[in-house]
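Heads up: the structure comes next, in structure tokens.
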Amino acid sequence: MKALAIDTTNNVLGIALIEEDKVIGEYITNLKKNHSVRAMPAIERLLSDCDVRPKELDKLVVATGPGSYTGVRIGVSIAKTMAWSLKIPIAGVSSLEVLAANGRFFNGFISPLFDARRGQVYTGLYQYTQQGLATIESDQNLLLVDWLNMLKSKKEQVLFLGNDVALHKETIVDMLGERGQLGQVSINNPRPSELGFIGLKKEATDVHSLVPNYIRLAEAEAKWLEQQK
């Protein structure tokens, strides 16, 4: 089964083409550039370089968030359009779960992290077991200090992954000490190939019911709802 994986949820633009237990091709950039004008050309180039036609794809896998509101919408829209036009299954995967997959060889908890401003983060808690990557705490948006206080109570080693970890390094180290491990730079980019393999194991979703998972409302939406009360 050939699957195309698409991740545009954050600064990292990731596209991968996988087949069963093989990565056929993978494209990753970590740039503050507009995914709306770069994602489709990247998909077309990867498929062309790998000599794969769109009609040869068996499944679409897309990162559904959390992350940049615009970025999440771009990837989900592209994936849904392709899945619908090609009449193939589609599966959505948490962008935090994709990042957590980079901690495959860490013996402890894994906390993927995206900055959400004003001291808040998007994060969740994962751990590798014999059955694969397991969710210990579901994805959420909260103050980093509250998250770290919760982790302190678990008394386990925690690996923090993500390009935004550097923004919160001092707080993590101050609150968790040696139990807070920071991932190497090379594993801070979510890998679209990991996204693809996770998605292959997930049941397909109806293309029309697949929606982004923002976790929290955009600030403008939240203000509008407050004004309606």
Side-chain angles (χ1 to χ4, degrees), residues 2-19 22-54 57 59-83 90-104 110-117 121-124 133 139 159-169 182-200 212-215:
K2 284 190 178 72
L4 180 70
I6 303 169
D7 186 355
T8 63
T9 55
N10 289 281
N11 284 342
V12 173
L13 168 62
I15 313 292
L17 181 64
I18 65 170
E19 184 174 14
K22 180 172 68 174
V23 179
I24 302 173
E26 191 168 25
Y27 176 89
I28 302 174
T29 61
N30 181 18
L31 303 167
K32 289 185 178 181
K33 287 189 174 182
N34 194 337
H35 293 337
S36 65
V37 298
R38 299 177 59 238
M40 275 308 302
I43 292 170
E44 292 170 353
R45 177 63 183 270
L46 182 65
L47 292 177
S48 175
D49 286 349
C50 296
D51 296 321
V52 172
R53 292 173 295 177
L57 298 173
K59 192 172 188 178
L60 261 294
V61 182
V62 63
T64 55
S68 157
Y69 296 104
T70 302
V72 171
R73 285 194 292 269
I74 290 168
V76 170
S77 297
I78 290 173
K80 289 180 66 170
T81 301
M82 290 186 67
I90 187 171
V93 178
S94 159
S95 50
L96 287 167
E97 183 178 358
V98 177
L99 182 53
N102 287 352
R104 185 180 309 277
I110 304 164
S111 177
L113 185 152
F114 302 141
D115 183 61
R117 301 181 181 179
V121 295
Y122 295 114
T123 190
L133 187 62
D139 296 349
L159 175 65
F160 291 87
L161 292 176
N163 291 305
D164 292 339
V165 169
L167 300 174
H168 304 284
K169 177 180 177 180
L182 308 182
Q184 294 293 318
V185 173
S186 58
I187 59 174
N188 278 334
N189 282 343
R191 298 291 300 270
S193 55
E194 294 284 6
L195 166 63
F197 288 122
I198 294 171
L200 277 183
N213 179 22
Y214 301 121
I215 294 186

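By convention here, the first residue in the shown sequence is residue 1. Bear in mind that the values here come from a model prediction, so they are computed numbers and not experimental data. Note that these values count all heavy atoms, side chains included, but never hydrogens, waters or copies made by symmetry.
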Heavy atoms only: give me the nearest [X]-[Y] pair and the separation to one decimal.
X: Ile43; Y: Ile78; answer: CD1-CG2, 3.8 Å
X: Thr8; Y: Gly75; answer: OG1-N, 2.9 Å
X: Val23; Y: Ser193; answer: CG2-CB, 3.8 Å
X: Val62; Y: Ala79; answer: CB-CB, 3.6 Å
X: Pro190; Y: Val98; answer: CB-CG1, 4.0 Å
X: Ala101; Y: Ile198; answer: CB-CD1, 4.2 Å

Do [X] and [Y] come within less than 4.5 Å of each other through their side chains, counting heavy atoms only?
X: Leu4; Y: Lys2; result: no
X: Ser95; Y: Phe114; result: yes
X: Leu17; Y: Leu47; result: yes
X: Ile15; Y: Pro192; result: no
X: Ser94; Y: Asn213; result: no
X: Pro66; Y: Val72; result: no
X: Val12; Y: Asp7; result: no

Show, in sequence, the C-alpha distance, side-chain angles and deciding distance for Asn11 and Asn163, and conclude whether the side-chain contact (heavy atoms from CB on, under 4.5 Å) test is met.
CA-CA 9 Å; Asn11 284 342; Asn163 291 305; over 6 Å; no
Main-chain N/O of Gly199 paired to Lys59 side chain as donor or acceptor, under 3.5 Å
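Answer holds: yes.
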For Glu44, is there any backbone N or O sitting under 3.5 Å from a side-chain donor or acceptor partner on Ser48?
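Checking the backbone N and O of Glu44 against the side chain of Ser48, no donor-acceptor pair under 3.5 Å is found.
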If I take atom [atom1] from residue [X] and atom [atom2] from residue [Y], how far apart are they, to the nearest 0.5 angstrom?
X: Ile18; Y: Phe197; atom1: CD1; atom2: CZ; value: 4.5 Å
X: Tyr214; Y: Thr64; atom1: OH; atom2: OG1; value: 10.5 Å
X: Leu161; Y: Asn188; atom1: CG; atom2: CG; value: 6.0 Å
X: Thr123; Y: Leu96; atom1: OG1; atom2: CG; value: 6.0 Å
X: His35; Y: Ile6; atom1: NE2; atom2: CD1; value: 12.0 Å
X: Asn102; Y: Ile110; atom1: CG; atom2: CD1; value: 9.0 Å

Suppose the criterion is salt bridge (Lys or Arg N to Asp or Glu O under 4.0 Å): which pairs have a residue in residues 25-38, not counting sequence neighbours?
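The answer is Glu26-Arg191.
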